[in-house]
Amino acid sequence: QVQLTESGGGLVQTGGSLRFSCQASGHTFGSYLRGWFRQAPGKEREFIARVDYNSGESVYADNAKGRFTISKDNARNTIYLEMNSLKPEDTAAYYCAAGRKLSVRPDDYDYWGQGTQVTVSS
């Protein structure tokens, strides 16, 4: 089992920035793909970015490129998501996830954080 604990999020004005962290604990060795997703009310869970914990390679959704940055700290077993130039349409619950597949599909991730709300006011 892998436990993912998120922190960060909150209320921010349009154009502002936020940074999330997601610390993993438990049997994390095999779950080397770490990703961030979000889900707005009434919408499906959406891929934002993922990072390969071994190689450091990162992949972004098109709407995240240039504004969002995923990073990792192996010593702390933690990944981060930095979000800049936030827009009202970025309002959603944000989740970190861990898995073994090179995928952008939520169903391919095995473990999930508790989620943290982001609200971007106009």
Should Leu33 and Arg100 be marked as a side-chain contact (heavy atoms from CB on, under 4.5 Å) after you check the CA-CA gap, both sets of side-chain angles, and the distance that decides it?
CA-CA 6 Å; Leu33 269 298; Arg100 303 184 181 192; 5.9 Å; no

Using side-chain hydrogen bond (donor to acceptor under 3.5 Å, both in side chains), reason through Glu89 and Asn63 one step at a time and then give a plain yes or no.
CA-CA 11 Å; Glu89 51 264 42; Asn63 61 0; over 6 Å; no

Show your reasoning for whether ring-ring contact (aromatic ring centres under 6.0 Å, His included) applies to Phe47 and Phe37.
CA-CA 5 Å; Phe47 171 76; Phe37 292 78; 5.7 Å; yes

To the nearest 0.5 Å, what is the distance between CG (Leu4) and OG (Ser25)?
7.5 Å

Side chains of Arg67 and Lys87: closer than 4.5 Å at any heavy-atom pair?
yes

Is any side-chain heavy atom of Cys22 closer than 4.5 Å to one of Tyr95?
no

Identify the two heavy atoms, one from Tyr109 and one from Gly35, that lie closest to each other, and give their separation to 0.1 Å.
CE2-N, 4.2 Å

Show the numbers, then the answer: is there a side-chain contact (heavy atoms from CB on, under 4.5 Å) between Leu18 and Leu86?
CA-CA 8 Å; Leu18 284 173; Leu86 285 164; 4.1 Å; yes

Could you check if a side-chain atom of Pro106 sits within less than 4.5 angstrom of a side-chain atom of Trp112, using non-hydrogen atoms only?
yes

Checking Thr116 side chain against Gly8 main chain: does a donor-acceptor pair fall under 3.5 Å?
yes

Residue pair Met83, Thr69: steps toward the side-chain contact (heavy atoms from CB on, under 4.5 Å) verdict
CA-CA 7 Å; Met83 305 188 297; Thr69 302; over 6 Å; no

Using ring-ring contact (aromatic ring centres under 6.0 Å, His included) as the criterion, list what pairs up with Tyr94, not counting sequence neighbours.
Phe20

Once you round to the nearest 0.5 Å, how far does CG of Asp107 lie from NZ of Lys101?
9.0 Å

Could you tell me whether the side chain of Thr119 and the main chain of Thr91 form a donor-acceptor pair under 3.5 Å?
no

Can you tell if the side chain of Glu6 reaches within under 4.5 Å of the side chain of Gln114, non-hydrogen atoms only?
yes

Residues Ser85 and Ser17: closest non-hydrogen pair is N-OG, 4.4 Å

Could you state the interatomic distance from CG (Leu102) to CZ (Arg50), rounded to the nearest 0.5 Å?
5.0 Å

Could you measure the distance from the OG atom of Ser58 to the CD1 atom of Ile70? Nearest 0.5 Å is fine.
7.0 Å

Hey, is Arg38 close enough to Asp90 for a salt bridge, meaning N to O under 4.0 Å?
yes

Return the set of residues passing salt bridge (Lys or Arg N to Asp or Glu O under 4.0 Å) with Arg19 (not counting sequence neighbours), or none when no residue passes.
none

Before giving the answer on side-chain hydrogen bond (donor to acceptor under 3.5 Å, both in side chains), spell out for Ser21 and Thr78 the whole-Å C-alpha distance, their side-chain angles and the decisive distance to 0.1 Å.
CA-CA 7 Å; Ser21 65; Thr78 298; over 6 Å; no

For residues 54-91, pull every pair meeting ring-ring contact (aromatic ring centres under 6.0 Å, His included), keeping only residues two or more places apart or in separate chains.
none

Rounded at 0.5 Å granularity, tell me how far CH2 in Trp36 sits from CD1 in Ile79.
5.5 Å

Hey, is CD on Gln117 packed in by over 12 heavy atoms from elsewhere, all under 6.0 Å?
yes

Considering all heavy atoms of both residues, which atom of Leu11 and which atom of Ser121 are nearest to each other, and what is their separation?
CD1-CB, 4.4 Å

